[in-house]
Amino acid sequence: MSVKQDLKLPDASRILVVGLGLIGGSLAAALRAVGVGREDGTVILACDPNVDEIRLGVEMGLIDTGSTRLADVVEGATLVVLAVPVLAMRSVMGELAGLISQLAPDAVITDVGSTKAAVRDIAVEAFGGLPPRLVLGHPIAGSEKSGVAASDARLYQNHKVILTPCANTAEDARQCVETLWRLTGADVFSMDVERHDQVLARTSHLPHLLAFSLVDTLARQDERMDIFRYAAGGFRDFTRIAGSDPVMWRDVFTANREAVLDALDDFEVGLKRLRQAVAQGDGDGMLATFDRARHARHYFESLLNKTSYQAEYQMQEPNSLRYLVAPGGSVSGRIRVPGDKSISHRSIMLGALSEGVTEVTGFLEGEDSLATLQAFREMGVAIEGPHQGRVVIHGVGMHGLKPPAGPLYVGNAGTAMRLFAGLLAGQAFDTELTGDTSLTRRPMGRVADPLREMGAVVETTEGGRPPLKIKGGQSLKGIDYDMPMASAQVKSCLLLAGMYADGETRVREPAPTRDHTERMLNGFGYRVEREGDTCWLRGGGRLSAAPIDVPSDISSATFFLVAAAITPGSDLVLEHVGINPTRIGVINILQAMGADLQLHNQREVGGEPVADLHIRYAPLKGIEIPTDQVPLAIDEFPALFIAAANAEGITRLRGAGELRVKESDRLQSMADGMTILGIDNTLLDDGIDIVGKGGEAPNYGGGRVQSHEDHRIAMAFTIAGLRASAPIEVDDCSNVATSFPSFVDLARRVGLSLDEVREEAV
């Protein structure tokens with residue numbers, strides 16, 4: 001496809017760059033580098049008040065011709081790029097408005113200003129309204145150098161360009177400008193004008209302001225020669241941006257005055273807090289700030305690289321991760337899967353609310369658990385790590401959390417959101433909980449409704465879905481609650497809220513669910529009672545710090561248990577796996593199907609039972625899964641469905657309606673994928689029948705299946721490749737990192753043939 005077709009430009013296209021400095025010159029250079037003007041007949045023109053810049057631009061081959069007068073080059077222009085300083089925009093737009101009739105029909109106008117409200121207002125003044133074919137934009141790229149001589153064709157590669165279209169902006173005009181910037185190698189995003197100015201005030205304008213101020217302050221001191229002579233690399237890195245064009249930055253700070261002042265006010269509050277901590281020798285206070293800052297940078301970078309634009313943290317996904325699984329393979333060896341996600345979540349929560357220092361080993365360093373950890377950092381808790389599974393939490397006590405600066409983002413972690421709802425309902429401050437696209441589709445009414453019965457004020461969106469807005473300062477009261485559906489998350493949510501409630505909170509579950517919260521609360525010295533199907537606690541207690549050794553996650557281990565169970569010749573040991581009685585449904589079900597699965601070295605670590613699981617291949621048979629095992633294996637069923645597809649006969653599952661409201665509708669997602677592979681199944685409202693062929697030959701074909709952004713669906717169809725007759729492709733696998741960041745490496749280690757493919761988003 002040619003450049004002209006990409007840009008959707010008419011014949012004899014004429015691109016006019018107004019302002020031939022670094023930004024405008026680099027745009028022209030980037031366009032020339034991809035063939036614009038050489039291969040498609042497009043003419044690139046420029047207007048600049050400096051005749052020498054025009055001459056140099058022509059000599060460098062960046063432009064065909066130019067002038068110091070706009071009237072000389074505006075005739076027939078199809079795309080006008082205003083690359084002038086913001087404060088020069090008024091005169092340029094005013095002049096352009098008077099020449100508008102000379103532009104080509106349907107000409108598009110765009111700009112590069114770093115403050116958008118000011119440019120928008122200038123446009124309204126100049127044109128008597130906002131032109132539909134004006135697309136406001138801002139490339140986030142630059143250099144300390146200036147002028148056309150500094151032009152760099154690679155300046156925009158892998159940098160962001162933010163477009164801020166308005167309500168009346170023509171879509172074809174926006175697409176034209178987006179394509180223009182994509183040709184330079186930039187990633188293009190959209191944002192509204194006000195949000196852009198707020199974000200840039202904090203991420204670009206404030207750092208420049210601080211760098212200018214710091215260098216100026218030090219340069220005026222008596223010891224300035226020694227200060228600069230012995231400055232370390234960090235000082236040079238931080239102050240590098242103070243070498244930028246001062247006139248340009250004067251204009252930026254003037255044009256975006258209010259947003260910059262708001263950002264500066266927020267910074268001064270944080271600086272005052274840190275100064276106080278230093279003055280008082282408050283080590284935990286300093287650590288909380290330093291560690292929060294250190295990990296926030298890495299944490300949010302990882303989110304931005306993998307997820308779609310959500311709330312205030314993310315931008316649109318640049319890549320989609322796909323797994324390509326070759327058919328066949330073997331499963332053998334000795335491995336240890338990452339720590340239990342449920343226990344990792346709870347260790348951070350209870351450690352933060354305890355009095356004293358809690359050391360956690362075996363912590364799962366997946367995105368879900370890191371989201372919980374980061375949320376507590378944002379509420380003022382000092383947390384060291386994680387480093388090789390070790391986390392040290394400096395507890396602040398039951399009432400020591402601080403209001404976060406904005407919404408708490410918990411990624412894909414349904415556990416974190418539901419448990420947070422309970423403990424935040426008892427705080428004195430307001431909070432908002434949000435998550436990624438998958439989580440925002442999941443129902444939260446099941447926790448919001450009983451919390452409201454306790455006196456909490458919880459707002460959800462339509463259908464009881466996130467984000468959750470929780471009003472602080474409410475007086476909670478204990479309740480007796482009969483859960484309509486077995487859910488460890490709902491039970492845990494209410495117990496955490498019950499710690500802040502007057503009286504007793506009692507929760508009855510219709511079937512046993514995982515009891516990690518009760519075990520850990522007792523381990524932290526907060527008494528939880530149980531009798532039969534009911535557990536309860538009284539509000540007003542306290543938590544005392546205690547060490548936690550997180551066992552390996554049985555949910556993560558399940559994928560390898562099933563992989564070994566279905567693959568002839570397999571012999572695999574999974575070390576240090578948690579075998580909590582409320583979590584061993586998968587073990588019971590596999591053994592009932594005939595799996596050669598044995599538990600060795602059983603012991604108890606930190607109140608949780610663990611064992612080494614040894615599994616070898618044995619022919620499986622279809623069974624009717626006992627209903628009392630369903631809640632004990634609710635997260636493991638995607639993998640168990642693959643075991644059923646390789647068993648002899650029919651496997652029947654009933655009473656599993658909870659699978660409909662997980663990260664995806666797991667019943668539907670698995671049924672759809674199995675159908676694509678040729679696995680005979682019948683889907684029901686609360687279960688499924690799966691017909692397995694048994695034997696040692698391939699039991700189904702290959703194909704391309706959808707994970708629906710569900711990590712367990714993705715991993716289940718990955719292990720299915722072991723018994724497929726053709727390759728299996730699994731789409732949207734980025735979320736595997738939420739629960740099992742080392743899955744691909746371990747899968748390859750035990751014998752699967754698995755490749756990762758990153759695709760550009762369409």
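Since the model is a prediction, treat every value here as computed from it, not as a measurement.
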Scan for salt bridge (charged side-chain N to carboxylate O under 4.0 Å, His left out) pairs involving [range], sequence neighbours excluded, and state none if there are none.
range            : answer
residues 394-413 : none
residues 472-486 : Asp482-Arg508
residues 273-289 : none
residues 390-401 : Glu359-Arg390

Check: Can you name the side-chain hydrogen bond (donor to acceptor under 3.5 Å, both in side chains) partners of Glu365, sequence neighbours left out?
Finding: none
Next item on the list: Name the orientation class of the two ring planes belonging to Phe560 and Phe743 (parallel below 30°, tilted from 30 to 60°, perpendicular beyond 60°).
Entry: tilted
Margin query: Checking Glu709 now: which residues fulfil salt bridge (Lys or Arg N to Asp or Glu O under 4.0 Å) with it, not counting sequence neighbours?
Written below: none
Checklist line | Residues in salt bridge (Lys or Arg N to Asp or Glu O under 4.0 Å) contact with Glu459, at least two apart in sequence or another chain | finding: none
Next item on the list: Go through the steps to decide whether Val458 and Lys469 satisfy the test side-chain contact (heavy atoms from CB on, under 4.5 Å), and finish with yes or no.
Entry: CA-CA 6 Å; Val458 183; Lys469 295 183 179 180; over 6 Å; no
Hydrogens and angles aside, do [X] and [Y] bring a side-chain donor and acceptor to less than 3.5 Å of each other?
X      : Y      : value
Ser354 : Arg542 : no
Glu384 : His394 : yes
Thr517 : Lys491 : no

Using residues 602-614 as the side-chain source, report each donor-acceptor pair under 3.5 Å to any protein atom, sequence neighbours left out, with the distance given to one decimal.
{"from": "Arg603", "atom 1": "NH1", "to": "Asn601", "atom 2": "O", "distance (Å)": "2.5"}
{"from": "Arg603", "atom 1": "NH2", "to": "His576", "atom 2": "ND1", "distance (Å)": "3.0"}
{"from": "Glu608", "atom 1": "OE1", "to": "Asn580", "atom 2": "ND2", "distance (Å)": "2.9"}
{"from": "Glu608", "atom 1": "OE2", "to": "His516", "atom 2": "ND1", "distance (Å)": "3.0"}
{"from": "Asp612", "atom 1": "OD1", "to": "His576", "atom 2": "N", "distance (Å)": "2.9"}
{"from": "His614", "atom 1": "NE2", "to": "Asp571", "atom 2": "OD1", "distance (Å)": "2.7"}

Going by heavy atoms in the side chains, are [X] and [Y] under 4.5 Å from each other?
X      : Y      : result
Thr534 : Val507 : no
Thr358 : Val392 : no
Asp368 : His345 : yes
Leu746 : Val744 : no
Met349 : Met520 : no
Ile589 : Glu636 : no
Thr361 : Ile548 : no
Lys662 : Asp635 : yes

Inspect the contact between [Y] and [X] and indicate whether a charged nitrogen and a carboxylate oxygen are less than 4.0 angstrom apart.
X      : Y      : value
Asp515 : Arg530 : no
Arg527 : Glu529 : yes
Glu663 : Arg712 : no
Asp710 : Arg666 : yes

Next item on the list: Please assess Lys341 against Ser556 for the test side-chain contact (heavy atoms from CB on, under 4.5 Å), listing each intermediate value before the final yes or no.
Entry: CA-CA 9 Å; Lys341 184 168 69 168; Ser556 296; over 6 Å; no
Notebook entry, point to check: Can you name the one residue among Arg418, Arg346, Arg514 that meets side-chain hydrogen bond (donor to acceptor under 3.5 Å, both in side chains) with Ser492?
Noted result: Arg346
Next item on the list: Determine, step by step, whether Thr415 and Gln489 satisfy the side chain to side chain donor-acceptor pair (under 3.5 Å) criterion, reporting the C-alpha distance in whole Å, the side-chain angles of both residues, the deciding distance to 0.1 Å, and the verdict.
Entry: CA-CA 6 Å; Thr415 298; Gln489 294 176 1; 2.9 Å; yes
What pairs with [X] under ring pair (Phe, Tyr, Trp, His ring centres under 6.0 Å), at least two apart in sequence or on another chain?
X      : answer
His711 : none
Phe363 : none
Phe376 : Phe420

Spacing of [atom1] belonging to [X] relative to [atom2] belonging to [Y], to within rounding of 0.5 Å:
X      : Y      : atom1 : atom2 : result
Thr289 : Arg377 : OG1   : CZ    : 12.0 Å
Leu468 : Leu424 : CG    : CG    : 9.5 Å
Leu206 : Asp262 : CG    : CG    : 11.0 Å
Asp553 : Asp340 : CG    : CG    : 4.0 Å
Asn412 : Leu439 : CG    : CG    : 6.5 Å
Gln374 : Met379 : CD    : CE    : 10.5 Å

Margin query: The test is salt bridge (charged side-chain N to carboxylate O under 4.0 Å, His left out); show your working for Glu504 and Arg506 and say whether it passes.
Written below: CA-CA 6 Å; Glu504 197 170 76; Arg506 302 174 68 91; 3.1 Å; yes
Margin query: Could you check whether atom CD of Gln280 has more than 12 heavy atoms from other residues, nucleotides or ligands sitting under 6.0 Å from it?
Written below: yes
Margin query: Check this for me: His600, atom NE2, are more than 12 non-hydrogen atoms of other residues, nucleotides or ligands nearer than 6.0 Å?
Written below: yes
Looking only at non-hydrogen atoms, find the nearest pair between [X] and [Y] and report the distance.
X      : Y      : value
Ala421 : Ile470 : CA-CD1, 3.8 Å
Ala425 : Leu451 : CB-CD2, 4.4 Å
Ala633 : Leu640 : CB-CD1, 4.4 Å
Ala639 : Ala716 : N-CB, 4.0 Å
Glu355 : Gly397 : CG-CA, 4.1 Å
Pro512 : Pro631 : O-CB, 3.4 Å

Margin query: Before you tell me yes or no, could you show the steps for Leu476 and Asp502 under side-chain contact (heavy atoms from CB on, under 4.5 Å), namely the whole-Å CA-CA distance, both residues' side-chain angles and the distance that decides it to 0.1 Å?
Written below: CA-CA 6 Å; Leu476 305 184; Asp502 291 332; over 6 Å; no
Note to self: Considering only residues two or more places apart or on different chains, which pairs with a residue in residues 520-542 satisfy ring-ring contact (aromatic ring centres under 6.0 Å, His included)?
What the structure shows: none
Notebook entry, point to check: When you measure from the side chain of Thr461 to the backbone N and O of Pro466, does any donor-acceptor pair fall under 3.5 Å?
Noted result: yes
